[in-house]
Amino acid sequence: MSNNTSEYSKLYSFLLSKVKSKHKKLAILCHDSPDPDAMASALALQEMAIRAKMKANIYYDGEINHSQNRAMINVLDIKMFKISDLGNG
């Protein structure tokens, strides 16, 4: 497994360097009405971008109505924006 982790790390570094060379901001898009898996994945990608000194915002469409999903956002203090706000971030 550590070999795969090393390969993923190299791939991540390569891809992020390509994005970073052209852009300073990253818009992370979740599917409509994101579930905990989508929110966690977006949060992880945002953290990686921040560590690479990039600005990264998480966007979604639809609604986040389930109480468990709202609790996740509140407990982890996840900042998420509606896609309609995409041009404003």
Side-chain angles (χ1 to χ4, degrees):
M1 180 168 181
S2 65
N3 189 27
N4 285 343
T5 302
S6 176
E7 292 300 314
Y8 290 135
S9 180
K10 288 177 189 175
L11 179 59
Y12 156 73
S13 295
F14 172 76
L15 293 174
L16 195 56
S17 70
K18 291 295 183 185
V19 171
K20 191 176 174 185
S21 70
K22 303 264 185 204
H23 308 281
K24 294 191 187 318
K25 295 185 205 176
L26 181 64
I28 302 165
L29 306 177
C30 294
H31 59 70
D32 290 353
S33 304
D35 56 14
D37 287 343
M39 291 186 289
S41 295
L43 189 59
L45 183 55
Q46 182 183 47
E47 180 61 27
M48 289 187 269
I50 290 169
R51 288 180 185 206
K53 311 266 190 280
M54 293 180 72
K55 181 176 181 180
N57 289 325
I58 301 170
Y59 297 92
Y60 71 98
D61 203 12
E63 301 297 325
I64 303 175
N65 292 325
H66 288 40
S67 59
Q68 301 92 327
N69 299 357
R70 299 286 333 148
M72 180 179 176
I73 290 170
N74 292 332
V75 169
L76 297 178
D77 194 28
I78 302 173
K79 304 288 187 254
M80 298 178 69
F81 303 93
K82 293 288 281 188
I83 282 184
S84 58
D85 296 333
L86 187 57
N88 303 324

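This structure is a prediction, so every number in the text was calculated from the model and none was measured. Counting begins at 1 with the first residue of the sequence.
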Does Met80 form a side chain to side chain contact (heavy atoms under 4.5 Å, CB included) with Tyr59? I'd like the steps, not just the answer. CA-CA 6 Å; Met80 298 178 69; Tyr59 297 92; over 6 Å; no
Lys82 vs Glu63, test: side chain to side chain contact (heavy atoms under 4.5 Å, CB included). Steps then yes/no. CA-CA 9 Å; Lys82 293 288 281 188; Glu63 301 297 325; 3.7 Å; yes
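The line from CD1 of Ile78 to CD1 of Ile73 is 6.0 Å long, rounded to the nearest 0.5 Å. The CE atom of Met39 sits 5.5 Å away from atom CD1 of Ile64, with the distance rounded to the nearest 0.5 Å. Rounded to the nearest 0.5 angstrom, Asn69 CG and Asn74 CG are separated by 11.0 Å. Separation of atoms CD1 (Ile58) and CZ (Phe81) is listed at 9.0 Å; rounding is to 0.5 Å.
Listed by chain and number, the residues in a salt bridge (Lys or Arg N to Asp or Glu O under 4.0 Å) with Asp77 are Lys79 (sequence neighbours excluded).
Within a 6.0 Å radius of NE2 in His31, more than 12 heavy atoms belonging to other residues, nucleotides or ligands are found.
Glu47 places a side-chain heavy atom less than 4.5 Å from the side chain of Arg51.
Nearest heavy-atom pair, Ala38 versus Cys30, reported as atom, atom and distance to 0.1 Å: O-SG, 3.9 Å.
Checking side-chain atoms of Lys55 against main-chain N and O of Ile50 turns up no donor-acceptor pair under 3.5 Å.
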